[in-house]
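Each chain gets a letter, A, B and so on, in the order the sequences are listed, and its residues count up from 1.
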Number of protein chains: 2
Amino acid sequence: MTDACILIVDDEPAIRDMVAVALEVAGFKCLRAENARTAYTLIIDEQPDLILLDWMMPETSGIELLRRLRRDELTSEVPVILLTAKAEEDNLVQGLDAGADDYVAKPFSPRELIARVRALLRRRDLGRQEEPIRVQRLMYDPVSHYVSIDGVPAAMGPTEFRLLGFFLTHQDRVYSRDQILNHVWGGNVYMDERTVDVHIRRLRKALGDHDKLVQTVRGAGYRFSEKLVGN
Amino acid sequence: MTDACILIVDDEPAIRDMVAVALEVAGFKCLRAENARTAYTLIIDEQPDLILLDWMMPETSGIELLRRLRRDELTSEVPVILLTAKAEEDNLVQGLDAGADDYVAKPFSPRELIARVRALLRRRDLGRQEEPIRVQRLMYDPVSHYVSIDGVPAAMGPTEFRLLGFFLTHQDRVYSRDQILNHVWGGNVYMDERTVDVHIRRLRKALGDHDKLVQTVRGAGYRFSEKLVGN
DNA sequence: CACCCTTGTGTCGATATTGTGACAGTGGTG
DNA sequence: CACCACTGTCACAATATCGACACAAGGGTG
């Protein structure tokens, strides 16, 4: 979330830079494009997490690009915020109907923009597993953000919680330290693989007598499974 | 009631506008969406008081959207009226099973539609929390707008009162600062998330020795719960 | 048995997140 | 106008978590 990548599409360099700088200060990574063609290439290649799209641009307009994105399954999910000049506000419905997730009218305050960006990124993170998962006497409830064993709360840090969540939704399969790093820590972080070992250890401790669910596969990685206790 | 906000979801612009105009004349505020995606966004952001949902739509159908709404606690309460073509009437049971509160078959008279909308909104207003809520030695009375602990009045500001009310009706679940802002401050407010922290602090102080009911979930948000003291 | 590679464990400084008190601005009221 | 309650923001303190590291333990191999 902190290092989400945001594409800014606007034909005016001044606005492009202003927005980019504001977002970078707020901790986001930014890509810039000055027209729809460049933007499209970047979207395909870099798969940004969110797009800030100017409505009025020479050649292909923002709306056209937006429609194109929504049509293609590969790009139809990425959140888009439209940047519109005051005069265009009437057409807002058109923009939202084309598939924009939100809009910001120029001139806008960086604070507001960042707030909306954050809101959209957060929403992207929602809409996933909602039901509690039970394994043996272990209960994992993503809604209340809570894990218990025999009804007794199991204390663990946020990373262990995410790690457990990952395992519960990917059972009976070996994952290398590197894969676990990518899935649980999210994004392309380069970190010491041994860090995974440490958090595995912490997770096991938190799981008490269910620690056997997290299995070491020598030379390969880790596996979460009720079965396959041998090997 | 007079300024209730109604979301109209239909892929045909003609119907969308016809319905919207009729409702606006009747004194309602309207939002429009032409597909399920836009609709979902608006529902999350604007939290309409009622939804008119077309059954047949390209991509995600109305029924699918409805099921999704009912699954998520955040949106499971909003009343939904299905708009169906005559030919689809056979499937009505399916629609009602999915969680629709009512349906109107096309073509329909605006008069009938408005009557049904009014009826549903009335029911919503009745079903509103009117009874005092008790948790341990805490009593929260929305009618008299009054909170007490062991019969002793607990002084708190309006914001803390609303915050407490929100928590009491959404217990045992973690909410992010952003979600709390949207629910308690209402609508699209763009405010510093840390404001929530401060009001949490004020609420805890007002709750005296019941302050443990408001629990911090590191990296996630806050949760109101009698149980789940650990973690 | 000695060696080596892989994995497990405890601890520590740095960092991130949250709690707390203070302050200034606002709007209502007498 | 003075007063008061309430609100949002900030700076700083307190705390929890993270990633790295050092070392221990275990198992396989020649």
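Nearer the 5' end of DNA chain D, as judged by each residue's closest nucleotide, is the contact made by Met156(B), out of Met156(B) and Gly157(A). A residue-by-residue look at Gly221(B) and Gly219(A) shows that Gly219(A) has its nearest nucleotide of DNA chain C further toward the 5' end.
Rounded to whole Å, the distance from CG on Asp197(B) to P on dA11(D) is 15 Å. Distance, Arg204(A) CZ to dG10(C) C1': 16 Å, rounded to whole Å. What separates CG of Asp211(A) from P of dT9(C) is a distance of 9 Å, to the nearest Å. Atom-to-atom, NE2 of His199(A) to P of dT9(C) comes out at 15 Å; the value is rounded to the nearest Å. Remark: P of dT6(C) and CD1 of Ile200(A) are 17 Å apart, rounded to the nearest angstrom. Taking atom CD on Glu160(B) and atom C1' on dT7(D), their separation rounds to 9 Å, with Å as the unit. The distance from atom CD1 of Ile180(A) to atom C1' of dG19(D) is 16 Å, rounded to the nearest whole Å.
Considering only the side chain of Pro158(B), dC6(D) comes nearest among dC6(D), dG8(C), dT17(D).
No cation-pi contact links Arg162(B) to Phe166(B), judged by a cut-off of 6.0 Å to the six-membered ring centre and 45° from its axis.
Distances shown here put every side-chain N or O of Tyr222(B) at or beyond 4.0 Å from the OP1 or OP2 atom of dT17(C). Under 4.0 angstrom from either OP1 or OP2 of dT6(C) there lies no side-chain N or O belonging to Thr216(A). An OP1 or OP2 oxygen of dT6(C) is reached within less than 4.0 angstrom by no side-chain nitrogen or oxygen of Arg177(A). In this structure, Lys205(A) reaches the dG10(C) phosphate: one of its side-chain N or O atoms is under 4.0 Å from OP1 or OP2. Of the side-chain N and O atoms in Trp185(B), none sit less than 4.0 angstrom from OP1 or OP2 of dT7(D).
With sequence neighbours excluded, no residue satisfies side-chain hydrogen bond (donor to acceptor under 3.5 Å, both in side chains) with Thr41(A). Every side chain to side chain contact (heavy atoms under 4.5 Å, CB included) that Asp192(A) has, sequence neighbours left out, goes to Arg194(A), Thr195(A). Judged as a side chain to side chain contact (heavy atoms under 4.5 Å, CB included), and not counting sequence neighbours, the contacts of Arg201(A) are Lys205(A). Remark: Val78(B) pairs with Ile51(B), Arg70(B) by the side chain to side chain contact (heavy atoms under 4.5 Å, CB included) rule, at least two apart or across chains.
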Completion exercise
Per-nucleotide protein contact along nucleotides 20-30 of chain D, 5' to 3', at a 4.0 Å heavy-atom cut-off (B base, S sugar-phosphate only, - neither), is BB----B----
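Side chain to side chain, Tyr222(B) and Arg177(B) meet the donor-acceptor criterion of an N or O pair below 3.5 Å.
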Exercise answer: donor-acceptor pairs, residues 8-18 of chain A side-chain atoms, under 3.5 Å, sequence neighbours excluded:
unit_1   : atom_1 : unit_2    : atom_2 : d
Asp10(A) : OD1    : Glu12(A)  : N      : 2.9
Asp10(A) : OD2    : Lys106(A) : NZ     : 3.3
Arg16(A) : NH1    : Asp10(A)  : O      : 2.9
Asp17(A) : OD1    : Arg32(A)  : NH1    : 2.6

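Residue-level contact check: Phe161(B) touches neither bases nor backbone, having no heavy atom under 4.0 Å from any strand.
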